[in-house]
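Lettering of chains follows the sequences in order, A, B, ..., and the numbering in each one begins at 1. What's counted below: heavy atoms across the whole structure, side chains too, no hydrogens, waters or symmetry copies.
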Number of protein chains: 2
Amino acid sequence: MNLKQLSEQLGLSQTTVSRALNGYPEVSESTRIRVQLAAAQGNYRPNSRAMSLATGRAMSIGHVVPLAHQHDVVNPIFAEFVAGASQIYKQNGYELTLTIAETRNEEAIYRNMAAKCAVDGVIVHSPKRVEPRLALLKEIGLPYVVHGRVSDSKTAYNWIDTNNRRAFKQATQLLIDLGHSDIALINGDESLNFAWLRRLGFEDAMRENGLAINPTFMASAELTETFGYLTAESLLKKAHRPSAFIASSYVVALGIRRAIGRAGLQMGKDLSVIIHDDELSYFDNGGAVPQFTATRSSVREAGMLTASMLLKQIDDPGLFPQSSLLESRLTVGLSTGPAPARN
Amino acid sequence: MNLKQLSEQLGLSQTTVSRALNGYPEVSESTRIRVQLAAAQGNYRPNSRAMSLATGRAMSIGHVVPLAHQHDVVNPIFAEFVAGASQIYKQNGYELTLTIAETRNEEAIYRNMAAKCAVDGVIVHSPKRVEPRLALLKEIGLPYVVHGRVSDSKTAYNWIDTNNRRAFKQATQLLIDLGHSDIALINGDESLNFAWLRRLGFEDAMRENGLAINPTFMASAELTETFGYLTAESLLKKAHRPSAFIASSYVVALGIRRAIGRAGLQMGKDLSVIIHDDELSYFDNGGAVPQFTATRSSVREAGMLTASMLLKQIDDPGLFPQSSLLESRLTVGLSTGPAPARN
DNA sequence: AAAACTATCCAAAGCGCCTTGGATTTTTAT
DNA sequence: ATAAAAATCCAAGGCGCTTTGGATAGTTTT
């Protein structure tokens with residue numbers, strides 16, 4: 001069922017039917033209702049490609065998800081983020097075009113998308129500290145919002161980020177308040193900006209409390225369970241070992257917990273662990289009683305906000321770049337406790 | 001840069017330029033080269049919407065990912081699957097349109113996609129034992145391939161699945177061969193067909209070895225770490241407790257391992273655990289030395305095969321439904337060992 | 001009652017591409 | 001040299017929609 005058929009069936013012109021369905025005022029209320037009824041009954045839906053061609057809007061948003069270079073990993077954050085964004089798109093009649101990109105292809109992918117007029121804008125995932133994609137997108141004139149921030153931009157751009165620096169500073173401070181001074185940071189890949197900011201937050205707190213920052217207590221890599229385990233294991237073997245860990249994800253903390261158990265120690269007593277929790281719903285952090293003390297922020301909510309911001313920018317291209325910094329909540333669970341006395 | 005501009009610049013008709021770029025024979029090799037050069041240089045890419053309108057093909061595949069009803073969870077499998085599928089689409093000039101759907105909206109979403117001509121086909125994720133989507137898709141005439149199978153179809157349909165039943169039978173048999181007879185199955189939601197088949201495989205092996213199936217040793221829910229922990233914990237408290245666990249995912253096994261540790265027992269010695277591992281790359285199962293004995297199958301590979309199959313069906317709508325059953329590999333890790341003697 | 005609006009509808013021209021059905025030129029066969 | 005065949009190109013129509021610029025009928029104003 002297309003517009004022509006529908007209009008013939010109604011004995012009206014395509015113009016009138018189109019206008020009736022799109023809410024233009026040049027059509028009487030009675031015929032509008034008649035048209036809407038017939039459209040609903042005939043299950044008429046405008047052909048999206050024809051509509052796009054006529055209006056010049058693709059009615060689709062591109063998500064380009066990078067494969068982490070090291071192990072071809074899709075960041076688990078992304079599914080949850082997209083679930084949030086998707087909801088907003090649906091409400092506004094947009095679709096979501098997904099691409100998984102290896103870093104070396106990225107530029108071609110963005111250029112291709114834009115030249116084909118396949119999307120009206122894109123979400124930039126997993127920004128690095130130095131992020132050439134922003135200049136690229138600006139050059140090709142494709143609206144975008146970054147989920148996260150970059151460290152190297154001199155001009156304003158659209159972004160939404162959780163306050164990673166503050167969250168990690170706060171988490172570190174909690175441990176310090178509990179008497180810990182030998183704190184290890186098990187962080188994500190620090191060429192990614194979120195991990196870099198977390199490190200800065202950690203260092204902020206240490207410095208402000210006059211504590212030494214021990215480089216051997218800091219590790220940075222892809223956030224796998226095994227990484228957490230191996231790193232914690234080797235740190236716990238040291239003569240001078242940390243009394244607390246800050247972990248950049250739930251998964252990596254599971255590995256830390258395993259190492260603690262293996263070493264015959266008890267988490268929350270002998271050793272404290274605090275994590276950043278992205279509220280990935282299949283890791284529920286123990287349900288009612290949180291296993292891990294955590295700074296929490298909802299990735300899904302970030303997805304919704306990011307999508308909304310992008311649609312706003314698309315609707316009004318003259319708009320000044322927007323940004324939004326989301327605070328995370330510190331929730332105390334079973335994994336932290338006062339620092340044990342040194343002997 | 002559009003076709004008209006490009007053809008004017010070349011002093012050729014749009015027809016000739018279009019044919020030169022699309023590989024038609026009615027154009028001399030010399031002009032073809034001339035056209036291709038100019039197109040590449042001008043960064044010309046046909047407008048996807050116009051192309052779709054003219055050809056009647058959306059050049060996009062729909063992935064409708066259901067939110068699990070219980071906790072609004074996006075299945076972590078899906079990101080990895082999509083990474084595989086995406087690769088195939090890219091090779092063939094297709095895009096991937098993603099929708100996150102709540103179960104109650106699902107029918108409307110599929111109907112909408114089809115009526116809008118937004119996709120040429122869809123991948124059906126997370127099929128249940130009883131799956132009304134197949135009849136729906138048949139009714140609206142949208143090509144599809146199911147990732148997994150259903151239990152209630154009398155007619156042939158396109159699917160790709162891992163042999164869950166055989167994998168779990170094999171895993172169970174391994175435990176039985178090691179002397180275990182009290183085996184617990186920590187399974188996914190058994191209204192989903194993959195979990196149901198795993199249960200059948202488990203029961204197959206038990207029955208063939210003349211072992212009793214103890215319903216209190218079987219649990220089924222969303223595969224979270226907490227679920228694994230709580231279930232294992234309560235089973236280990238029993239007077240007559242299992243000596244081995246079969247877990248439907250890596251995540252749930254992490255919970256089981258935690259419960260084992262908490263009970264002061266040792267995994268691989270006091271208690272055996274065997275898992276099904278979907279090779280989600282951010283869970284590397286311990287790298288070189290697999291932590292868990294596992295039946296492994298690559299979700300990414302399944303994504304690639306499923307996508308290929310769908311494109312084939314779209315190219316040739318008369319094709320008889322295809323199917324493919326992928327076998328998984330059993331890898332022995334540190335988590336299994338001979339059953340300890342009962343006392 | 002004529003003039004000036006309003007309300008309601010429509011014909012037709014695009015959007016950018018592909019494709020049919022020639023038209024023109026070149027090559028091959030007779 | 002001429003007819004037939006092949007090679008090469010083009011004009012124009014159509015995909016299904018939106019939108020511009022009228023046209024027509026009904027109301028209100030003077």
Residue closer to the 5' end of DNA chain D, B:G11 versus A:R45 (nearest nucleotide):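 Counting from the 5' end, the first nearest nucleotide belongs to B:G11.
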Closest-nucleotide ordering on DNA chain D, the 5'-leading residue of B:T55 and B:R19: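 Whichever sits nearer the 5' end wins; that is B:R19.
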Check whether any side-chain nitrogen or oxygen of [X] sits under 4.0 Å from OP1 or OP2 of [N], and answer yes or no.
{"X": "A:T16", "N": "C:dC10", "result": "yes"}
{"X": "B:S18", "N": "C:dC18", "result": "yes"}
{"X": "B:Y24", "N": "C:dT19", "result": "yes"}

Could you check whether [X] pairs with [Y] (Lys NZ or Arg NE/NH1/NH2 to Asp/Glu carboxylate O, under 4.0 Å)?
{"X": "B:R57", "Y": "B:D315", "value": "yes"}
{"X": "B:E139", "Y": "B:R111", "value": "yes"}
{"X": "A:E279", "Y": "A:R300", "value": "no"}
{"X": "B:K90", "Y": "B:E95", "value": "no"}

Taking atom [atom2] of [N] as reference, at what distance in whole Å does atom [atom1] of [X] sit?
{"X": "A:Q14", "N": "C:dC15", "atom1": "CD", "atom2": "P", "result": "18 Å"}
{"X": "A:R32", "N": "C:dA7", "atom1": "CZ", "atom2": "P", "result": "13 Å"}
{"X": "A:L3", "N": "C:dA12", "atom1": "CG", "atom2": "P", "result": "16 Å"}
{"X": "A:N47", "N": "C:dC17", "atom1": "CG", "atom2": "P", "result": "17 Å"}
{"X": "A:K4", "N": "C:dA12", "atom1": "NZ", "atom2": "C1'", "result": "14 Å"}
{"X": "A:L10", "N": "C:dC9", "atom1": "CG", "atom2": "P", "result": "11 Å"}
{"X": "B:Y44", "N": "C:dG16", "atom1": "OH", "atom2": "P", "result": "10 Å"}
{"X": "B:L53", "N": "C:dG14", "atom1": "CG", "atom2": "C1'", "result": "12 Å"}

Flag for A:Q322-A:N158: side-chain donor and acceptor within less than 3.5 Å: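 Distance-only check fails for A:N158 and A:Q322.
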Side-chain donor-acceptor pair present, B:S13, B:T16, cut-off under 3.5 Å: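 Yes, a side-chain donor-acceptor pair sits under 3.5 Å.
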Start and end of chain A contact along DNA chain D [non-hydrogen atoms, under 4.0 Å]: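 Contacts span D:dG16 to D:dG21, reading 5' to 3'.
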Proximal nucleotide (of C:dG16, C:dC17, C:dC10) relative to the A:T15 side chain: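 Among C:dG16, C:dC17, C:dC10, the one nearest the side chain of A:T15 is C:dC10.
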Trace of the ring pair (Phe, Tyr, Trp, His ring centres under 6.0 Å) decision for A:H63 with A:F78: CA-CA 10 Å; A:H63 283 242; A:F78 134 79; 7.7 Å; no
Sugar-phosphate, base or nothing in reach of B:T31, heavy atoms under 4.0 Å: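 Sugar-phosphate: the residue B:T31, judged by heavy atoms under 4.0 Å, touches backbone atoms but no base.
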Earlier contact from the 5' end, DNA chain C, for A:A54 and A:E26: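 Upstream on the strand: A:E26.
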